[in-house]
Amino acid sequence: MTWSATARGAHQPDNTAFTQQRLPAWQPLLSAGITLPLFFCAGLAFIGLGLGLFYSSNGIKELEYDYTGDGGTGNCSLCAAEGQGRAPPPNCSCAWYFSLPELFPGPVYLYYELSNFYQNNRRYGVSRDDAQLSGLVSALRHPANECAPYQLSATGLPIAPCGAIANSLFNDSFTLWHQRQPGGPYVEVPLDRTAIAWWTDYHVKFRNPPLVNGSLALAFRGTAPPPNWHRPVYELSSDPNNTGFINQDFVVWMRTAALPTFRKLYARIRQGNYSAGLPRGAYRVNITYNYPVRAFGGHKLIILSNISWMGGKNPFLGIAYLVVGSLCILMGFVMLVVYIRYQDQDDDDNDDE
């Protein structure tokens with residue numbers, strides 16, 4: 001008896017206010033006078049915020065063009081037909097013509113959109129080597145097994161960058177031209193391709209391997225480009241600050257999307273005479289059609305859009321706030337009716353007593 005009591009006491013916590021849960025505490029009593037105003041105030045706040053988000057989203061202007069070429073529509077259908085579900089022939093080009101009757105306010109962003117492309121597939125999402133992308137020489141020569149079957153080339157050379165994500169890099173290109181006067185010449189609109197990737201991706205996650213004799217090409221010597229690429233990674237751009245693993249387009253593509261329909265930023269329009277937006281007039285977008293999407297039933301779109309204080313066009317967020325706010329107010333009225341009804345019954349019972 002003495003042994004069991006001693007053993008039980010040895011395993012008991014100390015006799016303090018904290019271990020014995022005797023600290024002062026406050027527990028609110030959720031009465032009707034507190035709960036009902038909270039529901040109504042929260043509902044009104046959500047509805048107000050939802051209206052602001054919804055109208056702000058509707059105020060954003062967008063122009064989009066599907067240049068997939070399905071059904072023989074548009075001049076891009078020739079490139080799609082020649083590809084027959086495979087990669088289109090090199091240097092296949094088409095154009096999108098549109099006109100603006102008034103100023104398209106800036107800043108203007110140029111996006112490309114892909115649909116039915118499941119970047120969130122688990123096998124696809126892990127098919128990369130972050131150590132290699134961070135510039136480690138050992139990972140450059142020995143890619144991770146997750147990159148298979150895009151780990152080694154047919155000749156046994158390590159692929160850089162390895163993996164399915166890099167192999168499927170989007171490689172269509174666009175230029176924008178403006179015709180200020182009817183019948184006049186087209187003038188190229190400057191596209192700002194800098195700083196389109198996330199800051200943390202560009203400055204932290206992605207790094208080129210150390211230069212060899214001042215040459216990036218020598219640093220990648222002994223590696224092979226992904227099978228779908230027509231040039232090595234160190235030739236993605238002539239700008240030494242925008243080539244290799246730190247190429248802005250490559251970094252943007254490597255941040256995988258969560259949904260099968262997604263947009264990725266291609267350029268900003270904010271330089272020269274177009275800093276305030278796109279003036280009225282006729283425009284032409286020249287498209288270099290390289291990326292095949294018909295094999296998996298996808299679509300490709302070009303999107304011109306401006307933004308507001310809440311970001312890009314997204315009516316879902318405003319609608320979600322409106323729905324939640326309406327439900328809060330509805331539940332508030334339901335609880336108010338129940339409270340009044342049962343309060344009257346309690347009063348009648350007290351009178352009977």
**Student:** Is the closest side-chain heavy-atom distance between Gln20 and Pro13 below 4.5 Å?
**Tutor:**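 Answer yes - side chains close enough.
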**Student:** Closest heavy-atom contact between Ile159 and Pro227?
**Tutor:**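 Closest approach of Ile159 to Pro227, heavy atoms only: CD1-CD, 4.2 Å.
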**Student:** Regarding Glu102 and Lys61, does a basic nitrogen lie under 4.0 Å from an acidic carboxylate oxygen?
**Tutor:**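 Answer for the salt bridge query: yes.
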**Student:** Does CZ in Phe296 sit with more than 12 non-hydrogen atoms of other residues, nucleotides or ligands closer than 6.0 Å?
**Tutor:**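 Yes, CZ of Phe296 has more than 12 neighbouring heavy atoms, counting only those of other groups under 6.0 Å.
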**Student:** Looking at Phe174 and Tyr266, what are the two nearest heavy atoms and their distance?
**Tutor:**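 Closest approach of Phe174 to Tyr266, heavy atoms only: N-OH, 3.2 Å.
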**Student:** With a 6.0 Å cut-off (strictly less than), is the heavy-atom count around CZ of Arg280, excluding the residue itself, greater than 12?
**Tutor:**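 No, CZ of Arg280 has 12 or fewer neighbouring heavy atoms, counting only those of other groups under 6.0 Å.
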**Student:** Just checking, is any N or O donor in the side chain of Asp14 or Thr16 under 3.5 Å from an acceptor N or O on the other one?
**Tutor:**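 No, no side-chain donor-acceptor pair sits under 3.5 Å.
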**Student:** Show your working on side chain to side chain contact (heavy atoms under 4.5 Å, CB included) between Glu113 and Phe262 and close with a plain yes or no.
**Tutor:** CA-CA 6 Å; Glu113 179 178 304; Phe262 58 87; over 6 Å; no
**Student:** Just how far is it from atom OG1 of Thr256 to atom CG of Asn120, taken to the nearest 0.5 Å?
**Tutor:**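 Separation between the atoms: 8.0 Å.
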**Student:** Hey, what do you get for CD (Glu188) to CG (Leu176), rounding to the nearest 0.5 Å?
**Tutor:**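 Between Glu188 CD and Leu176 CG, I get 8.5 Å after rounding to 0.5 Å.
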**Student:** Which heavy atom in Pro210 sits nearest to a heavy atom in Val137, and how many Å separate them?
**Tutor:**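 Looks like CD-CG2, 3.8 Å.
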**Student:** Would you say that Pro161 contacts Pro226 through its side chain, given a criterion of any heavy-atom pair below 4.5 Å between the two side chains?
**Tutor:**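 Yes; the side chains approach each other to less than 4.5 Å.
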**Student:** For this output row, return yes or no: ring centroids of His299 and Tyr67 closer than 6.0 angstrom.
**Tutor:**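 Distance test on ring centres: not under 6.0 Å, no.
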**Student:** Heavy-atom count check: over 12 atoms from other residues, nucleotides or ligands less than 6.0 Å from Arg221 CZ?
**Tutor:**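 Atom CZ in Arg221 is not packed in, count stays at 12 or less.
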**Student:** Quick check: do Cys76 and Trp96 have side-chain heavy atoms less than 4.5 Å from each other?
**Tutor:**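 Side chain of Cys76 against side chain of Trp96, heavy atoms only: no contact under 4.5 Å found.
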**Student:** Quick one: are Asn286 and Trp177 in side-chain contact, heavy atoms under 4.5 Å?
**Tutor:**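 Yes. Closest side-chain heavy atoms under 4.5 Å.
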**Student:** Go through the side-chain N and O atoms of Ser173 and Thr288 and say whether any donor and acceptor fall under 3.5 Å apart.
**Tutor:**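 Looking only at side-chain atoms, Thr288 and Ser173 do form a donor-acceptor pair, the distance falling under 3.5 Å.
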**Student:** Is there a side chain to side chain contact (heavy atoms under 4.5 Å, CB included) between Leu114 and Thr261? Walk through the geometry before answering.
**Tutor:** CA-CA 6 Å; Leu114 296 178; Thr261 298; over 6 Å; no
**Student:** Quick check on Phe98: does its CZ atom have over 12 non-hydrogen neighbours (other residues, nucleotides or ligands) under 6.0 Å away?
**Tutor:**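 Above 12, so yes.
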**Student:** When you compare the side chain of Thr194 with that of Tyr202, does any pair of heavy atoms fall below 4.5 Å?
**Tutor:**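 SC-SC contact between Tyr202 and Thr194 ruled out.
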**Student:** Taking all non-hydrogen atoms of both residues, which atom of Val285 and which atom of Ile302 are closest, and how far apart?
**Tutor:**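 Scanning both residues, the minimum pair turns out to be CG1-CD1, 4.0 Å.
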**Student:** Answer yes if Ile269 and Leu100 sit in the same cluster of Ile, Leu, Val, Met, Phe, Trp and Tyr residues linked by side chain heavy atoms under 4.5 Å apart, and no otherwise.
**Tutor:**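 Same cluster: Ile269 reaches Leu100 through Ile, Leu, Val, Met, Phe, Trp or Tyr contacts under 4.5 Å.
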**Student:** Do we get Lys300 above Tyr65's six-membered ring, with its NZ or CZ under 6.0 Å from the centre and within 45° of the axis?
**Tutor:**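 Relative to the ring axis of Tyr65, which defines the angle, Lys300 lies outside at least one limit.
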**Student:** Under 3.5 Å, is there a donor on one side chain and an acceptor on the other for Gln151 and Asn145?
**Tutor:**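 There is such a pair (donor and acceptor under 3.5 Å, judged by atom type) between the side chains of Gln151 and Asn145.
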**Student:** Closer than 3.5 angstrom, by distance alone: can the side chain of Ser134 be matched with the main-chain N or O of Ala131 as a donor-acceptor pair?
**Tutor:**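 The answer is yes, because a donor-acceptor pair under 3.5 Å joins these two groups.
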**Student:** With rounding to the nearest 0.5 Å, note down the distance linking CG in Leu36 to OG in Ser31.
**Tutor:**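 Atom-to-atom, Leu36:CG and Ser31:OG are 8.5 Å apart.
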**Student:** Less than 4.0 Å between a side-chain N and a carboxylate O, is that true for Asp130 and Lys205?
**Tutor:**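 Result for this pair is no, no salt bridge flagged.
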**Student:** Hey, mind stepping through Leu304 and Glu62 against side chain to side chain contact (heavy atoms under 4.5 Å, CB included) and telling me if it holds?
**Tutor:** CA-CA 6 Å; Leu304 289 168; Glu62 279 192 357; over 6 Å; no
**Student:** With Arg284 as the cation and Tyr186 as the aromatic partner, state whether NZ or CZ is under 6.0 Å from the six-membered ring centre and within 45° of the axis.
**Tutor:**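 Relative to the ring axis of Tyr186, which defines the angle, Arg284 lies inside both limits.
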**Student:** Does CZ belonging to Arg122 count more than 12 external heavy atoms closer than 6.0 Å?
**Tutor:**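 Atom CZ in Arg122 is not packed in, count stays at 12 or less.
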**Student:** Can you tell me how far the OG atom of Ser138 sits from the CD atom of Gln132, to the nearest 0.5 Å?
**Tutor:**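 One finds 10.0 Å between OG of Ser138 and CD of Gln132.
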**Student:** Is it possible for you to say whether Tyr111 and Phe104 belong to one hydrophobic cluster, with membership spreading through side-chain heavy-atom contacts below 4.5 Å?
**Tutor:**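 Different hydrophobic clusters.
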**Student:** Using only atom types and a distance under 3.5 Å, with no angle test, would you say the side chain of Ser168 pairs donor to acceptor with the backbone of Ile165?
**Tutor:**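 Indeed, once roles are kept as given, a pair shorter than 3.5 Å links the two residues.
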**Student:** State whether the side chain of Arg128 and the backbone N or O of Tyr124 hold a donor-acceptor pair below 3.5 Å, judged by distance alone.
**Tutor:**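 Checking the backbone N and O of Tyr124 against the side chain of Arg128, no donor-acceptor pair under 3.5 Å is found.
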**Student:** Distance from Leu63 atom CG to Leu110 atom CG, nearest 0.5 Å?
**Tutor:**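 CG of Leu110 is found 11.0 Å from CG of Leu63.
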**Student:** With a 4.5 Å limit on heavy-atom distance, are the side chains of Pro185 and Gln179 in contact?
**Tutor:**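 Heavy-atom side-chain distance check fails, nothing below 4.5 Å.
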**Student:** For the hydrophobic clusters of this structure (ILVMFWY residues joined by side-chain heavy atoms under 4.5 Å, transitively), does one cluster hold both Ile303 and Ile307?
**Tutor:**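 Result: yes, single cluster for both.
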**Student:** Determine the minimum heavy-atom distance between Gly222 and Leu157, stating which atoms define it.
**Tutor:**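 Taking every non-hydrogen atom into account, O-CD2, 3.5 Å.
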**Student:** Checking the side chain of Thr243 only, and the main-chain atoms of Asp239 only, is there a donor and an acceptor separated by less than 3.5 Å?
**Tutor:**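 A pair under 3.5 Å: no.
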**Student:** With a 6.0 Å cut-off (strictly less than), is the heavy-atom count around OH of Tyr112, excluding the residue itself, greater than 12?
**Tutor:**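 More than 12 within 6.0 Å, yes.
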**Student:** Going only through I, L, V, M, F, W and Y residues with side-chain contacts under 4.5 Å, is there a path from Phe40 to Val323?
**Tutor:**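 Result: no, two separate clusters.
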**Student:** Donor-acceptor pair, distance only, cut-off 3.5 Å: does the side chain of Ser57 make one with the backbone of Lys313?
**Tutor:**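 No.
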**Student:** How are the rings of Tyr321 and Phe46 set to each other: parallel, tilted or perpendicular (split at 30° and 60°)?
**Tutor:**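 Tilted: the ring planes of Tyr321 and Phe46 meet at 30° to 60°.
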**Student:** Apply side chain to side chain contact (heavy atoms under 4.5 Å, CB included) to Ser127 and Glu146, showing your working.
**Tutor:** CA-CA 5 Å; Ser127 184; Glu146 286 79 7; 5.9 Å; no
**Student:** Is there a donor-acceptor pair under 3.5 Å between the side chain of Asp172 and the backbone N or O of Asn290?
**Tutor:**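 Yes, the answer is positive, given that a donor and an acceptor are paired below the 3.5 Å cut-off.
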**Student:** Give a yes or no on whether the backbone of Arg255 and the side-chain of Lys264 come within a donor-acceptor separation of less than 3.5 Å.
**Tutor:**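 Checking the backbone N and O of Arg255 against the side chain of Lys264, a donor-acceptor pair under 3.5 Å is found.
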**Student:** What verdict does the disulfide bond (SG atoms under 2.5 Å apart) test give for Cys79 and Cys94, after you've listed the backbone C-alpha separation in whole Å, the side-chain angles of each residue and the deciding distance to 0.1 Å?
**Tutor:** CA-CA 8 Å; Cys79 295; Cys94 53; 4.9 Å; no
**Student:** Do Thr175 and Ile287 come close enough that some side-chain heavy atom pair is under 4.5 Å?
**Tutor:**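 No, too far: nothing below the 4.5 Å cut-off.
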**Student:** Is there a salt bridge (Lys or Arg N to Asp or Glu O under 4.0 Å) between Asp249 and Arg193? Walk through the geometry before answering.
**Tutor:** CA-CA 9 Å; Asp249 291 322; Arg193 306 292 313 284; 2.4 Å; yes
**Student:** Can you spot which of Tyr234, Phe220, Phe206 makes a ring-ring contact (aromatic ring centres under 6.0 Å, His included) with Phe245?
**Tutor:**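 When ring-ring contact (aromatic ring centres under 6.0 Å, His included) is applied between Phe245 and each of Tyr234, Phe220, Phe206, only Phe220 qualifies.
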**Student:** May I ask you to test the Tyr283-Ser99 pair for a side-chain heavy-atom distance under 4.5 Å?
**Tutor:**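 The answer is no; the side chains never approach within 4.5 Å.
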**Student:** Of the non-hydrogen atoms in Asp129 and Cys162, which two are nearest, and what is the gap between them?
**Tutor:**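 Scanning both residues completely, I find the closest heavy atoms to be CB-SG, 3.6 Å.
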**Student:** Is there a donor-acceptor pair closer than 3.5 Å between any side-chain N or O of Asp201 and the backbone N or O of Val251?
**Tutor:**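 Not a single qualifying donor-acceptor pair exists.
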**Student:** At what distance, to the nearest 0.5 angstrom, does OG of Ser305 lie from CD1 of Ile60?
**Tutor:**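 These two atoms lie 6.0 Å from each other.
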**Student:** Would you check if the side chain of Asn306 reaches a backbone N or O of Tyr109 as a donor-acceptor pair within less than 3.5 Å?
**Tutor:**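 Side chain of Asn306 to backbone of Tyr109: no pair is present.
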**Student:** Using modelled atom types and a 3.5 Å cut-off, is there a donor and acceptor pairing between side-chain atoms of Asp66 and backbone atoms of Thr68?
**Tutor:**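 It does hold such a pair.
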**Student:** Would you kindly say whether Asn15 and Arg22 are connected by a side-chain donor-acceptor distance under 3.5 Å?
**Tutor:**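 There is such a pair between these side chains.
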